[in-house]
Structures are given as structure tokens and as C-alpha cells.
> 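My structure is below; once you've seen it, I'll send some questions.
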Protein chains: 2
Amino acid sequence: MHSEGVASRSADPRDSRESRNGTPHLDAVSLAIIEQLQEDGRRPYAAIGKAVGLSEAAVRQRVQKLLDQGVMQIVAVTDPLTVGFRRQAMVGVNVEGSLDPVAEALTAMSEVEYVVMTAGSFDILAEVVCEDDDHLLDVINKRIRALPGVRSTESFVYLKLKKQTYMWGTR
Amino acid sequence: MHSEGVASRSADPRDSRESRNGTPHLDAVSLAIIEQLQEDGRRPYAAIGKAVGLSEAAVRQRVQKLLDQGVMQIVAVTDPLTVGFRRQAMVGVNVEGSLDPVAEALTAMSEVEYVVMTAGSFDILAEVVCEDDDHLLDVINKRIRALPGVRSTESFVYLKLKKQTYMWGTR
DNA sequence: GATCCTTGCTGCGAAATCCGCAAGTTCCTG
DNA sequence: CAGGAACTTGCGGATTTCGCAGCAAGGATC
């Protein structure tokens, strides 16, 4: 009952509650704004406002807030291959002891694009982006396996990237 | 000798050659433009031009071409959790027969964000983004495992996303 | 080597957008 | 009821975007 439509005047951008990790919930209007910017990160505020039923100024304020809160970022994304990174791999890591130090160390590596803790036969999955085979080998064998707490790793070298989307909420 | 500096007038944006898959190579200036837009996808062309040593119009043309060619896209990216997708998983898939049909089928699913063919103990890795446990269960057990050619799957449910970057080339 | 053609860059107005601000309204909360 | 938050409308001025004409460099052709 707190939002009878996308253009409802009483919609609260933060939707009162907060989720467990402290990140704010988003109402339908902010979702719609994000979807607009997922289609085109440079779309003008007025056009977004027309699409979601808000004034240009309001959209501007919302976008700024979403960016400040870190809920969303507007960036250029590329196919790594095109930009000169020819070897990528997903690395499954098994850890003994606490996961956090290992995850932190992985996060600190510039070659590591993606770090996620998982349930399953790996404790951590990390995506590595490298310039060539030597570089990849170096990162996996010399740096990741050398981290204290790392019991074992398994690598999945990328052969072909088939899909890469950034369209959460746009379906 | 075809590029003695970032601001060189004779730098060829396509760098003459093409890579094996037909995607054009990028010269240093285009790389620099991409880096600027990776920091802020809405940065004005004039500011980028100042940073990379090009006129505003030239930057505009280059960016447009990069977008048209599909080398880069400017989009809003979010943490899926914040946008209401509470369950994510990486799914390793083993296939009997040819990989392509399976990869295509995965690519066609809206819940699948990421599909990559790999070397290693999985043939394909797919990242799945779902709203809740039921949704995730449905996608993995009913839809992915049901695909013809899928021999087995193994799931890694995400517990915590530690890092997510889009900064290829920005190091 | 002269010519043609393509590509990329510059420079420049005109149009559109962004940005900050102020006043007024509505709704919710303490 | 007072206070706060969010939105709207309206407004200029600064900035940015956009389209176009002109020019220079490089390659291809004859």
C-alpha cells in the first residue's frame, strides 16, 4: 500500500526498512531509474523522468543519492579480450581456517576482478584477468596459492565468453 | 612508430591489425578514453578530451564508435542483492556432445548473467541471479539440468560478494 | 608523382542539458 | 502539532552536447 504506482507521490526511496547488511531497500521508482541507466548510462535526466514519472530535478537527486550510497555506479564496461587481456580464469579456492583474510588478500590483487564466498565444494571463487599465459600462471601459482590459509585451488581457464550482462532488474 | 604518444596526431584508433575474432585493436588514446569512462561513465567529453589530449568532438566520435562497435558500453551496475535478487550461484556444467547448444540455451535464460566456456573439470560456467531460493532451485534443477546434453551440474551458492570491479585497463 | 578517397581531427555556432536554488505542497513520524 | 523528507515547479546561468564545414594525413590507383 505504500506505492500504488511508479509515479506515486508518496513512494519512499528508501522504503523504510533496511536489509540485514545495512544496504537500503529500493522502491519501484528507483528501480525504474536504474533500469533506464542500465540501458544507457548517459541518458539525460529529463528523459528518465518522463519514463518513470518524476521531474528532472527529482531524478537528478535520486541518481546522485544512489551513486553516493554506492547502490549503483555508472561505468564503461568492455570485453577484456578487446582491451588486451587475453587470459582469464575462474579460480576455486579451498581454505583452512577463516575465509576473510584470504578473501581480503584476493580482493587486494589488481588482477582479480571478482571475489565471492560460496557454499559448495569451493570456499571462494575468484575471477582473474591477465594479459597472457605467463601472467596468469604467475598470479595463480605464485600469488594465490602462496596465501596463508589456502589449502588448494582449481582453475578454469576461459575459452570463450558467451554472455556478459549488466541488466539486473531489466527483465 | 605508429604512436609516439597519447596525443599523437597520427595514432590510428584501429591500430591497423585485427585480432583473431575480428574485434578491432585499440590504440593508446582509445584505451585512455575507456579508462576515463570506467572511472565515471558520465564524464563530459571535454573533460575526457583534456585528459587524453584530444578535442571534444574527437572524443565524442571515438566514444560513439566504440559504442557502435560494441567494444564498450556505458551502463549502470549494481549489487544484485540491493536490487532485490537475494540468491545467486555459479553453476558448473558438464556436457556430453557439443557445447554450443547448451551454451546458447543458457545464454537465452534471463536469470543467467554470465556464460563462459572453460577448460578444466567443468565445460561451462554460468552465473545465475535469482529472487529467492525457490526461484534458484527451479532454474538449476528444472531448467538447466533439463537441457539436452547436460550430463551433470555443480552449484556454488553465493554467500557474500567481496569484490566486483569493472576496471580492466585501469591499473 | 598526381589524383582520389577515406579517416580522423579541429573549430564553431545552436540547441539541449545540467545544476543550484527558492518557494510551496504533501505525507509521514515523533 | 512541529519537524523532516521528498517531490514539484520555475528559473536563470554555466556547461555540455550535437551537427556541420573545413582541413590535414595516409593509402590506393593509375
Side-chain angles (χ1 to χ4, degrees), chain A residues 1-18 22-34 36-37 39-69 71-76, chain B residues 1-18 22-34 36-37 39-69 71-76:
Chain A
M1 65 181 60
H2 49 70
S3 83
E4 71 261 15
V6 163
S8 164
R9 175 166 302 108
S10 62
D12 180 349
R14 284 189 329 291
D15 200 350
S16 7
R17 307 175 305 265
E18 295 227 338
T23 45
H25 274 256
L26 303 172
D27 67 354
V29 181
S30 290
L31 253 306
I33 292 174
I34 292 175
Q36 292 289 317
L37 289 171
E39 287 177 18
D40 175 7
R42 274 179 171 263
R43 184 162 298 171
Y45 296 135
I48 299 174
K50 194 149 300 183
V52 308
L54 236 55
S55 70
E56 176 266 344
V59 173
R60 204 186 334 141
Q61 291 164 24
R62 290 236 191 183
V63 169
Q64 194 53 54
K65 184 162 294 186
L66 289 170
L67 294 174
D68 290 343
Q69 287 175 154
V71 171
M72 153 186 95
Q73 44 184 332
I74 299 174
V75 296
Chain B
M1 64 167 60
H2 49 71
S3 82
E4 73 260 15
V6 163
S8 165
R9 175 165 303 108
S10 62
D12 179 351
R14 282 189 331 290
D15 200 346
S16 3
R17 304 176 307 267
E18 294 226 339
T23 44
H25 274 255
L26 304 172
D27 68 353
V29 182
S30 290
L31 253 308
I33 291 174
I34 292 175
Q36 292 288 318
L37 289 170
E39 288 176 18
D40 175 8
R42 273 180 171 261
R43 184 162 298 168
Y45 295 135
I48 298 173
K50 193 149 299 184
V52 308
L54 234 56
S55 71
E56 175 267 340
V59 173
R60 194 180 352 131
Q61 291 164 19
R62 291 231 191 188
V63 169
Q64 194 54 52
K65 182 162 294 187
L66 290 171
L67 294 174
D68 290 342
Q69 289 176 153
V71 172
M72 152 185 97
Q73 44 183 334
I74 300 175
V75 295

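Values in this document were obtained by computation on a predicted structure and should not be read as measured data. Throughout, a chain's letter reflects where its sequence line sits, starting with A, and its residues are numbered from 1.
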> Take the protein atom CZ of B:Arg60 and the nucleotide atom C1' of C:dA14, then report the distance between them rounded to whole Å.
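Atom-to-atom, B:Arg60 to C:dA14, this comes out as 12 Å.
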
> Given C:dC19, C:dG8, C:dG11, which nucleotide is nearest the side-chain atoms of B:Ala57?
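The answer is C:dG11.
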
> Check the distance between C:dG8's C1' and B:Asp27's CG and give it to me in whole angstrom.
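These atoms are roughly 11 Å apart.
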
> Are the side chain of B:Arg42 and the backbone of A:Gly41 linked by a donor-acceptor contact shorter than 3.5 Å?
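Looks like yes, one N/O pair under 3.5 Å.
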
> What's the OH-C1' distance between B:Tyr45 and C:dC12, to the nearest Å?
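Value for this atom pair: 18 Å.
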
> Tell me: CZ of B:Arg43 to P of D:dT17, nearest whole Å?
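Computing the B:Arg43:CZ to D:dT17:P distance gives 12 Å.
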
> B:Gln64 and B:Asp68: side-chain donor and acceptor closer than 3.5 Å?
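Yes, because at least one side-chain N or O of B:Gln64 sits under 3.5 Å from a partner of the opposite role on B:Asp68.
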
> Between atom CG in A:Asp40 and atom C1' in C:dT17, what is the gap in whole Å?
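Distance, rounded to whole Å: 14 Å.
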
> For a quick test of reading the model: is some side-chain N or O of B:Lys65 closer than 4.0 Å to OP1 or OP2 of C:dT7?
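The answer is no; no side-chain N or O of B:Lys65 sits under 4.0 Å from OP1 or OP2.
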
> Starting at CD of A:Gln61 and ending at C1' of C:dA22, how long is that distance when rounded to a whole Å?
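It works out to 13 Å between those atoms.
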
> Select one nucleotide: of D:dA6, C:dT10, D:dT9, the one nearest the side-chain heavy atoms of A:Arg62.
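Closest nucleotide among those given: D:dA6.
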
> Reckon A:Ala58 touches a base, only the sugar-phosphate, or nothing at all at heavy-atom distances under 4.0 Å?
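Sugar-phosphate, backbone atoms only, no base.
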
> Please give me the minimum heavy-atom distance between A:Met72 and A:Val63, naming the atom from each residue.
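Reported closest heavy-atom pair: CE-CG1, 4.0 Å.
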
> Compare every heavy atom of A:Val59 with every heavy atom of A:Gly49, then report the nearest pair and how far apart it is.
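In this case the closest contact between A:Gly49 and A:Val59 is CA-CG2, 3.5 Å.
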
> What is the separation between atom CG on B:Leu37 and atom P on D:dT17, rounded to the nearest whole Å?
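For the pair B:Leu37 CG and D:dT17 P, the rounded distance is 10 Å.
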
> Can you find a side chain N or O atom of A:Arg42 that sits less than 4.0 Å from OP1 or OP2 on D:dT16?
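Checking D:dT16 against A:Arg42, no side-chain N or O comes under 4.0 Å of OP1 or OP2.
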
> Round to the nearest Å and state the distance from B:Glu56 atom CD to C:dT17 atom P.
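Atom CD in B:Glu56 sits about 15 Å away from atom P in C:dT17.
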
